[in-house]
Amino acid sequence: MGRHGGSPRGSGEAGVATARKGGAGPARLALLALLGSILVPLVIAGLRSVLWVLVGIAGLALAAVGVWWVLAHTGVLRVLGGVLSVAAPVTVLALYAVFGMLGPALLSLALWALAVTAARTALAPGRTASEQAVVTAPRAPWILMNPRSGGGKVGRFQLAEKARAAGCRVVLLDAGQDVTELARQAVAEGADLLAVAGGDGTQALVAEVAARHDLPFMVIPAGTRNHFALDLGLDRDDPAAALQALSDGVELRIDLGYAADRVFVNNASFGTYASVVTDPAYRDAKARTTLRTLPGLLTGEDALSLRTRAGRTHIDGLQALLVSNNPYGRAVDAARPGRRERLDSGLLGLVCVRVGNTAEAARIVRGPRSGGLIRLNTEEVVVEAGGDTLPVGIDGEHVVLPSPVVCRSAPGALRVRVPRRRPHTLRGSGAAADWPRVARLALGRLLPSREQDVAAVREPPP
């Protein structure tokens, strides 16, 4: 499926020009903050600051070992792991406080966070999403509502009544009904907009039908988590506000992800998590079920070993793998923790976990160099294991697919209608900090980024 309604020709050059014009200030701030984060401990402790950095790293490594013992073992070792995961960082903080390094350490971390955020802001593209004003309201909007989602948000927020008052046909989902078939029937009866008030899994099923018929799709965040709604900028605490898109909205062209023939709007997970959600007890006791089943999945006879191919990259020995519809930000990213900055990049995000023992758990504090946590962006990825089938968690719903599973991005496949004013819209904060490029920008010598080079290759000739 090709890209629909892509960015105008020359938008890459416009993005570079915008970054050059508005990014020099944040780039200089990023370099100053980075320099400050290095100088603060050096001024306070001199060369001993290197020792204190090593103490901090050791504490993080011990905490990682403790978390591994909690997840991968039972009994006494699990208890010791819980104690270690708390005691190690607390001990490091206590040592810092006793020797007068706690304040400088916190200040250095704050400056480093400021440096990374400023660097990402400096490298932000000029365009983060393609929007166009919606000038006409739909004539026959159709909304599927799951009254059980989110602990009964449909009833609590009177969503059905408000949607009917806005001219929508509302269908309340009963247990066991075929969501996809209901959406197809709505199209056959003349619906010119499809919407869902429910969880992400239900949204994905209806979104596929909307994309297939090139109809606008609308999200009403009535589920428990609604990660998709959050990344669209919607207010999850006020689901009824999404109905404003019917009369005062904009339309976005965003990507869909596919795992084999199954659509996902958020992600497809393989390995440990996908196996955990197969347990019937998971929905009612998530934490207890996870702790009970993880040891066998990580180190027992039921342990999976996944293999993946993404372009020329081959990775094996994985315990878990997450394929997302557009890349997620890092959980520690102050600018957008665990969120997707954009939904129209045409790329899948890939997060791989490969931790098989205590030593590998300790090495994970080295970051990407440890090999324990691997992040990639790609257009297509192939996942396989030893068997003929693979359990997969698709937007939180458990399915079993034939192995190998090919995951791909369908760029611009879905038209999403959202309110013009959205409280949680992310503004571009750039890619991961590219310090040489930040330095060139600060000095007024910006060169095009690798992503812009790729975009230029994909852009068709005039």
Side-chain angles (χ1 to χ4, degrees), residues 37 50-74 77-93 95-96 105 108-109 112-113 116 267 269-276 287 290-291 293-300 302-308 310 313-324 327-334 336-339 349-378 381 383 385 393 431-433:
S37 70
V50 177
L51 174 63
W52 287 113
V53 170
L54 294 177
V55 169
I57 293 174
L60 290 175
L62 289 173
V65 168
V67 171
W68 170 254
W69 286 354
V70 169
L71 297 178
H73 299 280
T74 59
L77 203 55
R78 171 171 281 180
V79 174
L80 289 175
V83 173
L84 184 61
S85 64
V86 174
V90 168
T91 300
V92 170
L93 291 175
L95 287 172
Y96 277 24
S108 181
L109 284 175
W112 175 80
V116 172
N267 55 63
S269 58
F270 300 81
T272 52
Y273 173 74
S275 298
V276 167
T290 300
L291 288 175
T293 56
L294 269 182
L297 295 172
L298 291 173
T299 58
D302 297 329
L304 281 174
S305 180
L306 301 172
R307 300 184 300 275
T308 185
T313 303
H314 295 245
I315 311 170
D316 57 15
L318 300 173
Q319 282 79 34
L321 185 149
L322 183 78
V323 181
S324 60
Y328 283 105
R330 289 167 172 78
V332 296
D333 191 337
R336 47 165 189 168
R339 289 184 59 184
L350 186 62
V351 179
C352 309
V353 178
R354 182 168 55 188
V355 180
N357 52 51
T358 300
E360 292 177 358
R363 286 199 299 268
I364 203 168
V365 298
R366 297 175 59 196
R369 292 175 297 174
S370 70
L373 185 64
I374 304 164
R375 297 172 61 97
L376 298 169
N377 298 337
T378 183
V381 59
V383 185

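Quick caveat: nothing in here was measured; it's all calculated off a predicted structure.
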Donor-acceptor pair, Q319 side chain versus V355 backbone, under 3.5 Å? yes
Would you find a donor on one side and an acceptor on the other, under 3.5 Å apart, between the side chain of R354 and the backbone of D316? yes
Closest non-hydrogen atoms of V92 and G56, given as atom of the first, atom of the second and distance, are CG1-CA, 4.1 Å
Is there side-chain contact between I364 and W68, with heavy atoms separated by less than 4.5 Å? no
What is the minimum heavy-atom distance between T290 and V276, and which atoms define it? OG1-CG1, 3.7 Å
A385 and L306: which non-hydrogen atoms are nearest, and at how many Å? CB-CD2, 4.0 Å
Close side-chain approach of V351 and L321, heavy atoms under 4.5 Å: no
If I take atom CG from residue L84 and atom CG from residue L77, how far apart are they, to the nearest 0.5 angstrom? 10.0 Å
Does a side-chain heavy-atom distance below 4.5 Å link L95 with W52? yes
With rounding to the nearest 0.5 angstrom, report the CG to OG1 distance, L298 to T293. 9.0 Å
Side-chain heavy atoms of N267 within contact of V323, under 4.5 Å: no
Sub-4.5 Å side-chain heavy-atom contact between T313 and I315: yes
Rounded at 0.5 Å granularity, tell me how far CG in L373 sits from CD in E360. 13.0 Å
Check: A61 main-chain N/O paired with R363 side-chain donor or acceptor under 3.5 Å: no
Are the side chain of S108 and the backbone N or O of S37 linked by a donor-acceptor pair below 3.5 Å? yes
What one should report as the nearest heavy-atom pair of A63 and A88 is N-CB, 4.0 Å
Test item: T308 and F270 side chains (from C-beta on) under 4.5 Å apart, heavy atoms: no
Could you tell me if the side chain of L350 sits less than 4.5 Å from the side chain of I374, heavy atoms only? no
Treating R78 as the side-chain partner and V70 as the backbone partner, does any N or O pair qualify as donor plus acceptor under 3.5 Å? yes
For V53 and Y96, the nearest pair of non-hydrogen atoms, with its separation, is N-OH, 4.2 Å
